[in-house]
Amino acid sequence: MILYFSGTGNCLSVAQQLAEKTNDSIMSLYDAVNADLTKEDVIGMVYPTYYFNPPQAVLTLSQQLVLPTNAYVYIVIPCGAQTGDAVWAVRQILKRKCVKVDYCHKVRVPDCSAIGFGRDPNAQVWKFEKYKNRITTIADDINARRRANHYGNHGIAGWLCALPAIRRKTLPLLQPAVNPDKCIGCGTCLRVCPQANITLIPQTTNSNNRENSIALIGDKCVQCLACVHFCPQQAVEIAGKTTLKLHQYHNPNIRLKDMLRR
Ligand SMILES: Cc1cc2nc3c(=O)[nH]c(=O)nc-3n(C[C@H](O)[C@H](O)[C@H](O)COP(=O)(O)O)c2cc1C
């Protein structure tokens, strides 16, 4: 079983491709915490790197997983460039459950966080062509049950970014917020939010003086940026900067309906 976490579809797409090439199935990490995985022979985990670490949700969900101790376990990280501690931190959690990670690898994909720095993630689609053989190589390794540790060690950047003092400085960098003047209350953001962290609240005081609902992001945000990238009105902004339609990205193999929270 391949367990995934995904905000803009890169990890979902990689999980799907690995499932096809290794004759396996995929399951959201959110569902996996309630599933019986103890009879699985192979456990894969596919999740992104955020600030050189695993997303907070992946850490929390990994702690809740009940996994077999004798399965072949692998971690694949689709990331913009550097994984930092993204493998190491989860490996430590699994180690405490007596689950050994046999294999890990990263795959470079367009970096969805580029939008937060005013850059276009779509300008990085060249990575799909450049690294197109990587997933086949990884699938071959998994099928052969190879043991290898690519990028799975403690990284200095990951270690630094996990320090509370640095986290306090980095986390606000990509914190999304809804611009009430642009939000039309369509609810797309709350349907793609994996954390179920967005609600619609009635509102009559927007600049159009129209009565509608607007979205409000709660305090469980893990900054996957799904709301920023999928909003049809570009109403979800990062650090008050205008979100450009041109800079909105999601993995080209993945459609909005694939991302809807189940
Ligand atoms: C908040 C945030 C922080 C990120 N930090 C990193 C990082 O430190 N290193 C990196 O290589 N990519 C980083 N990325 C890029 C993601 O790892 C990459 O876009 C990933 O493929 C997203 O997966 P998804 O499309 O399944 O959500 C970051 C993305 C976000 C949203």
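What you see below is based on every heavy atom in this structure, not just the backbone, and it leaves out hydrogens, waters and symmetry mates. None of these values were measured; they are calculated from a predicted model. Remember, it's 1-based here, ligands and their atoms both numbered in the order they're listed.
Only one option out of H247, Q248, H229 pairs with Q234 in a side chain to side chain contact (heavy atoms under 4.5 Å, CB included); it is Q248.
Residues F230 and C189 form no side-chain contact, since every pair of their non-hydrogen atoms from C-beta on lies 4.5 Å or further apart.
Formation of a donor-acceptor pair under 3.5 Å by the K97 side chain with backbone atoms of Q63 is found in this model. A side-chain donor-acceptor contact under 3.5 Å links Y72 to the backbone of R146. Remark: side-chain polar atoms of T137 are paired, donor with acceptor, to backbone N or O of N133 under 3.5 angstrom.
Around ligand 1, the residues contributing at least one heavy atom under 4.0 Å from the ligand are S6, G7, T8, G9, N10, C11, P48, T49, Y50, Y51, F52, P78, C79, G80, A81, Q82, V109, P110, D111, C112, S113, L174, Q223, L225.
The aromatic rings of H154 and W88 lie parallel to each other, their planes meeting at an angle below 30°, with 60° marking the opposite boundary.
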